[in-house]
Amino acid sequence: MASSDGLDEDCVLQRGRSQSDPSSITEVRLGEAHRAESPASNRKVLDDTIVLHNAKASDSAVYQCQASNRHGTLLSNANIMIMNMPPMILTTGGEDYSAVEGKGVMHCKVFSSPPSTITWSKDDSSESVVGPRFTVHDNGSLEIYSVEKDDTGQYTCLAKNTEGTSAVEAMLYVKDPTRIVAPPEGQQILIGTTAQLSCLAEYDKSFSNDFELLWEKDDMEIALNYTENSRYFAEDGILQIFNVSHRDQGVYTCVARTPVDQDTASALLMVLDVPDAPEYLVLSEHKSKSVKLKWIPGDDHNSTTTEFIIEYEESQWEPRIWKELLRVPGNHNSAVLKLHGHVDYCFRVSGVNAVGRGPSSEPTERYKTQPAAPDKNPENIKIEGHLPHEMDINWEPLLPIEHNGPGLEYKKPSGLGPEPKIVTGFSGEDFPSAAPDDVAVEVINSSVVKVSWTRVHKDNLHGHLGGYRISWWRLRSLVNSKKDHGEKESLAFPGDRNHAVVSGLTPFSEYTLIVMTFNGRGNGPGSHPINFKTPEGVPEKNPVFRATDVQKHSVSLVWAPPLEPNGILTGYLLDYQLINDTDEAGQLQSVDISNPDTPSGSCATWSPEECTTTLESSLASIHGGISTQGWFIGLMCAIAFLTLIVLIACFVNRNKGGKYSVKEKEDLHPDVESQGMNDDTFCEYSDNDEKPLKGSQHSLSREIKAGDSGDSLVDYGDEDVQFNEDGSFIGEYAGRKEKRVSAEIKATVQTPA
């Protein structure tokens, strides 16, 4: 220690360093208070320090340090007591400690001389707890890192020195950690409504009486007094805030707490409201009939301002009545206002967001515009004549604010009138005059083809393009060389396109096809016909399949070939299986019949119906049932025979072709396309499949001769087909009136300008 006058006063056992001149200190003496010197053999004085070696109780004394110079002498005392005692544990024994999974600490405070060695053991083990998870601190406390459930147990603190030992026990309980499993979620709540925040926590059940769930707002605990005027209510982890105001906005924290740990979770509550009123409205750039208005937007209260509404009030015609003048986007804070002349204005602004319209600002100072000529003429002028030399003219007068000045008068102009308004009109449509070129057919499969073409130039459309129409008909089946003209079919494809897909074709057939364009008036000429062939497809189902001549050990099967083989038949496949009295089906067996012309035999063609089940099961059973009675077998044979006769008749009649009287059909169904398309139809699809008229099948042979048929092979096919100059069939647009599957066009024909 150093005194203010420069004397060295550090005299306990070591002299302090003097900051004054060392030469001013003349003498330093160390020794016991009752002795002038320290002559004991275990004492050694080193300059300003005295060292006691192997201190004993007899060395206990008051030691003095004497410092002197020419100015005087100072003394300082130090009381040294040297003693030996066994360890004395100051921590209370039998303490219960609780820790959560993570970290735990148990205390063991010891007083002893000399210092004690402290060890910890668990349960009845004599071994000390060691390892990277266990640390014994200098104060005797045991700290356990990464505490586990297995760390629960009784621990013993043992203190030992040369004078003796002492021990104390403590119990450690490892608890489940407190954890918030359903934290509160951030919300945007309308002002004046009720906000609700929820928080769900899990904790060790032993803390049921000590667990508490608290709520904080902006790190300050919310006082829940549950009085009548309180706006907060918390129960079962749910916090309710009634009549939310702007001051309720903030960060709300849920605190789940036990005596040993706690967990927290926070959420932001945002209060939504209409925008505050804009402020600091300023008028600038004053002109005769305009002015610029600027403002500073108010707080949008967490909902972006979408627009500003500018209102005006004038003092002459309708004072104190505010009217909307203009709306501007929410990201603007100024606008140029177009005004009327000779009006004394003031303005105000309000903001709008998703919540609603906010309050209006304070009005601006008044601004009066100069008088000016009217901006508009009267409207809705009506002229009526009642007498030969008189004419009444009526009109809708201008509003007072539209006068733009005093002394408004209405006069009939004597000069030339204003420029007339231009009205554009179109003449009516005409039929397209050109057919698509480069028509090509790509066969996709046995029933689908893709048709492509080159678009018709717009100059040849003579109207608005409705789309393209594809017409096709079957020339013959490729199974035999006999030509069998099918009914004409047609599909319309709206829009400007250069390809389309046609489906539903009969496999293994030869077709011809044409493409034309259409508009609101009707169809254009057809393209040059394109012939194409479809590949073979799967045969149709056999129309007749039955069992005859049922015997005890055999049965005869009869079938008819498919009406449409869709290719060249190469054989039939018969599947059968035996069914016994227990209705257990035997193994499925197949028989390949390579001769497709076989009409009957001991096997039959494949049919998806299980028509042989009853017969087969009856053959496998005792012949005592009804299926073995003679009358039943005779009835079934008669029904099968009649059915076969009807089907054969239909088949023969179909092969003869569906020819009919053109005159009859023409009278009943005049061709819409040859007359031009109806103005009231546009792109209406007809699902007519061009079926013959009812009764036409029976009158074909009587009414139509072979040489004058209106639906003969010449109209369609391989023989001398006649075409118009544009490439379309003569029979298509001249004499033949055939009903078609078609897509019609609707369009309103405009009156010529």
Side-chain angles (χ1 to χ4, degrees), residues 12-14 30-33 38-46 49-63 65 77-177 204 206-207 258-261:
V12 179
L13 289 176
Q14 180 180 10
L30 294 173
E32 294 183 19
S38 297
S41 61
N42 65 335
R43 302 173 187 172
K44 187 175 182 179
V45 178
L46 300 175
T49 303
I50 183 171
V51 179
L52 303 179
H53 294 284
N54 298 320
K56 300 183 293 296
S58 59
D59 292 322
S60 298
V62 176
Y63 291 82
C65 170
N77 300 328
N79 187 8
I80 302 299
M81 179 179 292
I82 299 174
M83 56 184 294
N84 288 347
M85 64 176 297
M88 183 174 62
I89 299 179
L90 304 180
T91 302
T92 305
E95 288 283 343
D96 290 339
Y97 293 92
S98 295
V100 295
E101 295 180 1
K103 184 173 68 174
V105 177
M106 290 177 289
H107 302 293
C108 185
K109 188 175 182 180
V110 179
F111 177 77
S112 65
S113 180
S116 300
T117 301
I118 299 176
T119 58
W120 286 82
S121 61
K122 181 185 177 186
D123 297 331
D124 296 329
S125 174
S126 60
E127 300 292 332
S128 300
V129 290
V130 293
R133 295 195 306 116
F134 301 93
T135 299
V136 179
H137 294 281
D138 293 339
N139 61 0
S141 297
L142 172 65
E143 184 172 7
I144 306 176
Y145 301 95
S146 302
V147 176
E148 303 170 350
K149 284 286 188 180
D150 293 340
D151 293 326
T152 299
Q154 180 174 287
Y155 289 79
T156 301
C157 172
L158 179 65
K160 182 179 181 181
N161 67 0
T162 56
E163 303 298 322
T165 61
S166 182
V168 68
E169 293 180 347
M171 191 68 189
L172 176 65
Y173 298 95
V174 180
K175 307 291 185 178
D176 293 325
D204 195 285
S206 63
F207 293 134
T258 65
V260 296
D261 71 334

*How about Lys122: does its NZ atom have over 12 heavy atoms from other parts shown lying under 6.0 Å from it?*
yes
*With side-chain contact (heavy atoms from CB on, under 4.5 Å) as the test, would you mind laying out the steps for His53 and Val51 before giving the verdict?*
CA-CA 6 Å; His53 294 284; Val51 179; 3.6 Å; yes
*In terms of heavy-atom contacts, does CG of Asp138 have more than 12 from other residues, nucleotides or ligands at under 6.0 Å?*
no
*At their closest point, which heavy atom of Val110 faces which heavy atom of Pro87, and how far apart are they?*
CG1-CB, 4.0 Å
*Say you draw a straight line from OG of Ser121 to CG of Leu158; how long is it, rounded to the nearest 0.5 Å?*
7.5 Å
*Any chance you could measure Gln154, atom CD, to Asp96, atom CG, to the nearest 0.5 Å?*
10.0 Å
*asked:* With a 3.5 Å distance limit and no angle check, can you tell me whether Trp120 reaches the backbone of Gly140 through a side-chain donor-acceptor pair?
replied: yes
*For Asn54, does the CG atom have more than 12 heavy-atom neighbours from other residues, nucleotides or ligands under 6.0 Å away?*
no
*Look at the side chain of Ser116 and the backbone N and O of Ile118, then say whether any donor-acceptor pair between them is shorter than 3.5 Å.*
no
*Identify the residue among Met171, Met106, Glu169 that makes a side chain to side chain contact (heavy atoms under 4.5 Å, CB included) with Tyr155.*
Met106
*Residue Asp124 excluded, over 12 heavy atoms near CG under 6.0 Å*: no
*Closest approach of Ala167 and Thr156, non-hydrogen atoms and distance?*
CB-CG2, 4.2 Å
*Once you round to the nearest 0.5 Å, how far does OG1 of Thr92 lie from NE2 of His107?*
12.0 Å
_Using a 3.5 Å distance criterion without hydrogens, assess whether the side chain of Thr152 forms a donor-acceptor pair with backbone atoms of Tyr173._
no
*Residues that Asp151 engages under salt bridge (charged side-chain N to carboxylate O under 4.0 Å, His left out), provided they are two or more places apart*: Arg133
*Do the side chain of Ser113 and the main chain of Met85 share a donor and acceptor less than 3.5 angstrom apart?*
no
*Could you grab the distance from atom CG of Asp59 to atom CG of Asn42, nearest 0.5 Å is fine?*
4.5 Å
*Can you check side-chain contact (heavy atoms from CB on, under 4.5 Å) on Ser112 and Glu163, steps first, answer last?*
CA-CA 9 Å; Ser112 65; Glu163 303 298 322; over 6 Å; no
*Thr119 versus Ser128, closest heavy-atom pair with distance*: CB-OG, 3.6 Å
*Nearest atoms (heavy-atom pairs only) where Asn139 meets Ser141*: OD1-N, 3.1 Å
*Over all heavy atoms of both residues, which pair between Val168 and Gly93 is shortest? Give the atoms and the distance, please.*
CG2-CA, 3.0 Å
Which pairs would a plain distance check flag for residues 143-150, meaning a side-chain donor or acceptor within less than 3.5 Å of a matching protein atom at least two apart in sequence or in another chain?
residue, atom, partner, partner atom, Å
Glu143, OE1, His137, NE2, 2.8
Glu143, OE1, Tyr145, OH, 3.2
Lys149, NZ, Val174, O, 3.3
Lys149, NZ, Asp176, OD1, 3.1

*asked:* With rounding to the nearest 0.5 angstrom, report the OG to CD1 distance, Ser58 to Ile82.
replied: 7.5 Å
*Taking C-beta and beyond as the side chain, do Pro177 and Asp261 meet within less than 4.5 Å on heavy atoms?*
yes
*Do you know the tightest heavy-atom contact between Asn84 and Pro114?*
OD1-CD, 4.5 Å
